[in-house]
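Per chain, numbering begins at 1; letters A, B, ... match sequence-line order. Note that these values count all heavy atoms, side chains included, but never hydrogens, waters or copies made by symmetry.
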Number of protein chains: 2
Amino acid sequence: MRVSLKDVAAHAGVSIKTVSNVVNNYQHVTPAMRERVQQSIDALGYRPNLAARHLRKGRTGIIALALPELGNPYFAELAAVVIDAAAAHDYIVLLDHTGGRREQEVLVSQGFRARVIDGLILSPIELEADDLRDRAENVPLVLLGERDYDLPYDHIAIDNVAAARAAVRHLIDLGRREVAFIGARRGHSEPAQLRVRGWREELSAAGLPADDGLVAATDGWGHADGAAAMARILETGRRPDAVFAYNDPMAIGAMRVLHRQGLRVPEDIAIVGFDDVVEGRFGAVTLTSVSPDKEAIGRLAVESVLARLGGGESPEPRRVWADYHLVRRESTLGRAAPGGDGQD
Amino acid sequence: MRVSLKDVAAHAGVSIKTVSNVVNNYQHVTPAMRERVQQSIDALGYRPNLAARHLRKGRTGIIALALPELGNPYFAELAAVVIDAAAAHDYIVLLDHTGGRREQEVLVSQGFRARVIDGLILSPIELEADDLRDRAENVPLVLLGERDYDLPYDHIAIDNVAAARAAVRHLIDLGRREVAFIGARRGHSEPAQLRVRGWREELSAAGLPADDGLVAATDGWGHADGAAAMARILETGRRPDAVFAYNDPMAIGAMRVLHRQGLRVPEDIAIVGFDDVVEGRFGAVTLTSVSPDKEAIGRLAVESVLARLGGGESPEPRRVWADYHLVRRESTLGRAAPGGDGQD
DNA sequence: ATGAAAGCGCTAACAT
DNA sequence: ATGTTAGCGCTTTCAT
């Protein structure tokens, strides 16, 4: 069987409490005693039983991270950041994915998928504010991403409207006059709404068209969805001179279709993506993209969750804005772009 | 505070045991009683405390998955499969990453990163057999991936030597005569050894060169490493007519360099990757790749771990071979390849 | 500075 | 079919 505190206490000829004191680095232990107990611990190979500790303290040392899908490299990279940030606080990460489906997101938010956690970081897509309003679960919840909720939860995100405007502004500055948007999502909810809004605002401000014929809705947010959306726009006979995509995989899927149809990027059509995934730096044409500060987002999310475990006074729910910047590459600048070997 | 069994029992006017019986779907409970207790459960919003259950039963319902890096889409996609496979057995997944560094892999295998788990699935890169030989930890361990260990643990993998041979065979069949290998890893350990061996065997069998000048070692396995390796080979003045890369990101990085240098794929140099990540289907030139059956690998890994929790007789350690196949695309076949819109 | 004992919430053995 | 109780291993008062 496993070695328990009791076994160590018997072996060292002291009480359970003393062993516990040593294990937990309690202050008032004489060096001699500490030494003696440590020897028994080593001799028996004692390892604390976390389940017992958790039961006693009401903490598990686990936070859950629920993302739409790992297949999207943005989320995979974000997960890596969260794992490291959590580890810095001696926390480990339970990972779940929702497929961006409302039903799964509700289940996760209510704690039905994982009930052993101290806190939850959730990046929702279809989830509605009402789904969270009557949340019975009392583990702290931190929201991530571009949905805009008016709810008493911490929310970490970049300013998606401003970021989208910056992307479109870049295209306009390059002389583009007809900018399509790829990736408005089909269905009731509208996860891409902030980016669509930014796109529309910037075009309108410049006196350029932002009609529905320039917006392609999709079912998902993968390469194939971007390719299909691009193909659909071209089928209508419309020939925009630029495309702003909801994310990088969609932008890359769109570039594939343009390439097949003999259209040149950026000469015929310039493209901007969103998320700055590694893949975008290594295509035949590297991808200009909005680059959110993933590092900060993941770190802030972890810190926000853990801050609410303090017990006492919960701070006011905060909206935290993470940084972002636009990385200019060949899909808008052509071969004049820097970083030709993907090393930017 | 949280609602406990005791609270529910008091509310329903029954004993703790009866509530427990209802919660655990115990057989011998009258429908009337079940109904009554369930009402109290709902009324109070009772949720079982897993820490307590864990302490009592010695099970957590959590398995850990430790991967080299999430940034590699192969591993991200595999993680998704494992999460789903675990969910099918009411298990949830704790995710960790090792960076492929031996030190981290040892820590994980010894359970120092997460001690609340029922089982562990580990995909090692630098880990040596000796590191596992004196493993004190007693939670079941299942190994994943291409290293070849002679150890009493279940190991799920595809036949990497045969898969590499099939990839090189394909290149030879297309008339290529000088096939480079990109991605042999620097350092003591040799995680790519099986793929290098397959490459060497197939070339030798065909009477073609397989000298060291055709092998490019790298420090990592990302796009940038593949690009750097390709650039280094070209700098030597050597002009292979084909490249077999350790994985898809490296292959894509290599293609970027060839493109920059004005070399055409596949006309001048054909390329085969490994892992069949989504990204490979959407480049300007789609990537021929060895496609392991990720679905099977993830599912088998979960089933293997859980099979060892049965308690009683542990089955003999097994080597399980998952399926794979070679997907032929433009990077070897040119524009004649099928699936021009990435939909294969 | 160290010891004794209660109890976290649950399950399982035993009793009724 | 339901109730009683011990105890999983630990932390935490409260004593000494």
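- Side-chain atoms of Pro48(A) lie closest to dC10(D) of the nucleotides dA12(C), dT2(D), dC10(D).
- Protein atom CG of Leu50(A) is 18 Å distant from nucleotide atom P of dC8(D), rounded to whole Å.
- Counting only heavy atoms from C-beta on, Tyr46(B) has its side chain closest to dC10(C) among dG3(D), dG3(C), dC10(C).
- Minimum atom distance to the side chain of Val29(B) is reached by dT2(D), of the listed dT2(D), dG9(C), dT11(C).
- Partner Val37(B) forms a side-chain contact (heavy atoms from CB on, under 4.5 Å) with one of Val23(B), Val29(B), Asp42(B), Thr18(B) and no other, that one being Thr18(B).
- Where Arg56(B) and Thr18(B) meet DNA chain D, the nucleotide closest to each residue was compared, and Thr18(B) sits on the side nearer the 5' end.
- Taking atom NZ of Lys17(A) as the reference point, atom C1' of dA6(C) lies 14 Å away to the nearest angstrom.
- Note on the helix from dA1(C)-dT16(D) to dT16(C)-dA1(D): terminal axis deviation equals 40°, with five pairs used at each end and the result rounded to 10°.
- Residue Asp130(B) holds its CG atom at 11.0 Å from OH of Tyr149(B), rounded to the nearest 0.5 Å.
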Should Gln38(A) and Val22(A) be marked as a side-chain contact (heavy atoms from CB on, under 4.5 Å) after you check the CA-CA gap, both sets of side-chain angles, and the distance that decides it? CA-CA 7 Å; Gln38(A) 190 59 50; Val22(A) 172; 4.0 Å; yes
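- If you take NE2 of His54(A) and P of dT11(D), they are 10 Å apart, rounded to a whole angstrom.
- The distance from atom CZ of Arg59(A) to atom C1' of dT12(D) is 16 Å, rounded to the nearest whole Å.
- Summary of the strand contacts: Asn21(B) and Leu55(B) both lie near DNA chain D, and taking for each the nucleotide with the nearest heavy atom, the more 5' one is attributed to Asn21(B).
- Using a 4.0 Å heavy-atom cutoff across all strands shown, Ile16(A) reaches at least one base atom of the nucleic acid.
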Applying side chain to side chain donor-acceptor pair (under 3.5 Å), run through Arg318(A) and Ser304(A) and close with a yes or a no. CA-CA 9 Å; Arg318(A) 312 182 295 163; Ser304(A) 295; 3.1 Å; yes
